[in-house]
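Just so we're on the same page: letters track the sequence lines, and every chain starts at 1.
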2 protein chains.
Amino acid sequence: MTVAAPPAAATSPAGLAEYERSCEGHPGGPEAGRMIREVLDRVGDKWSLLVVATLGDDVMRFSDLLRHIPGISQRMLTLTLRQLERDGLVIRTAYAEVPPRVEYRLTALGATLIGIAHTIAQWAIANHSTIEQSRAEYDAR
Amino acid sequence: MTVAAPPAAATSPAGLAEYERSCEGHPGGPEAGRMIREVLDRVGDKWSLLVVATLGDDVMRFSDLLRHIPGISQRMLTLTLRQLERDGLVIRTAYAEVPPRVEYRLTALGATLIGIAHTIAQWAIANHSTIEQSRAEYDAR
DNA sequence: CGGAATCCCTTGGGATACTG
DNA sequence: CAGTATCCCAAGGGATTCCG
């Protein structure tokens, strides 16, 4: 499988340094590390990014998500959706019917995360075999 | 703080669907979800991406990394570096001196991760205040 | 159907002490 | 300096049960 070159910066990793300069002098100002930490603490958990990627531009019910995300438990789907809703990444719409129906969709902000999810997926596709091989060699020792 | 528009796909989240189509029919073939899971399980932990971002294109000693990554413990730095080395993302070079000196640098593969780190940091910069606000509103209820 | 609540085991990871 | 080894606590998260 061939994939377009990784998004960017493979040979120009100056972006972070650039950002770090822009943050110097801020009183207690966060550096790139804190930024990465922040977003990782938010969507770097086991399920958040996966829920976002699965949701995509669709509107899905709770049970739809449960089916489309292999391995996730009821509990974790609930918790993850609540957190995403709280962060303004997901909209929850409950219809007063019986049986109840609840629909989820990404907000505009949540949709911007799809780009990140895509970038990550592309990276994985492009490199997982290389990593697998590197592991095998490492473990051989 | 003003930042360039989020990298991509804010309005064209078709990438994942596209990829998913390309994977259909593969015997037990992984979907985008599994790809995301894979890379998240690898560099989505508490420190990996941060070590990569900190390392950048520099060569750093163990103690340098320890100083430049606030909050990381000796133990976690060691474990994280070992894992990154095993995955072929980091090169470890030990010099037979006394006192010992060990240097770390990214491999070419590891350097491709900087793009992801940068993308994530950019996203955080662009959106963290919005998220903060959304949280405050959510919690107010 | 879409949760909330409880139970409980596993993992992550910090603190500390020791070593080549 | 650059680790390794232990201890131990807290959080993560699965399974199950109950509920409106």
Considering every strand and a 4.0 Å limit on heavy-atom distances, what is the contact class for A:Y104: base, sugar-phosphate, or nothing? sugar-phosphate
Distance check: side-chain N/O of A:R92 vs OP1/OP2 of C:dG3, anything under 4.0 Å? yes
Can you confirm whether the side chains of A:S48 and A:D45 place a donor and an acceptor under 3.5 Å from each other? yes
Using atom CD of B:Q74 as one end and atom P of C:dG12 as the other, report the distance to the nearest whole Å. 20 Å
When you measure from the side-chain N and O atoms of A:R61 to the phosphate of C:dG2, is any distance below 4.0 Å, counting only OP1 and OP2? yes
Compare side-chain N and O positions of A:R75 against OP1 and OP2 of C:dT6 and report whether any pair is under 4.0 Å apart. no
A:E97 CD - D:dG20 P separation (whole Å): 20 Å
Would you say that more than 12 heavy atoms from the other residues, nucleotides or ligands in this model lie under 6.0 Å from the CZ of B:R105, or not? no
OP1, OP2 of D:dA2 versus side-chain N and O of B:S63: anything below 4.0 Å? yes
Grab the CG-C1' distance between A:L40 and C:dG12 for me, whole Å please. 15 Å
Selected nucleotide, minimal atom distance to A:T78 side chain, candidates C:dA4, D:dA2, C:dG13: C:dA4
Give the rounded distance in Å between these two atoms: CD1 of B:I72 and P of D:dG3. 12 Å
Could you state the atom-to-atom distance from CG of A:L79 to C1' of C:dG2 in whole Å? 13 Å
Just the rounded figure in Å: distance from P of D:dG13 to CG of A:L50. 12 Å
Rounding to an integer number of Å, can you tell me how far B:L66 CG sits from C:dA15 P? 12 Å
Do A:Y104 and A:E85 meet the criterion of a side-chain donor-acceptor pair at a distance under 3.5 Å? no
Are any non-hydrogen side-chain atoms of B:R42 and A:H128 less than 4.5 angstrom apart? no
Per atom distances to the B:V102 side chain, the nearest of C:dG3, D:dG3, D:dG14 is D:dG3
Would you call A:R61 and A:D64 a salt bridge, taking side-chain N to carboxylate O under 4.0 Å as the test? no
Nearest-angstrom distance from the residue atom CG of B:L77 to C1' of C:dG14: 14 Å
Between D:dG14 and A:K46, is there an OP1 or OP2 to side-chain N/O distance shorter than 4.0 Å? yes
For B:P100 and B:G71, take the nucleotide of DNA chain C holding the closest heavy atom to each; which residue's nucleotide lies nearer the 5' end? B:G71
Can you tell me which nucleotide in D:dG14, C:dG14, C:dA4 comes closest to the side chain of A:W47? D:dG14
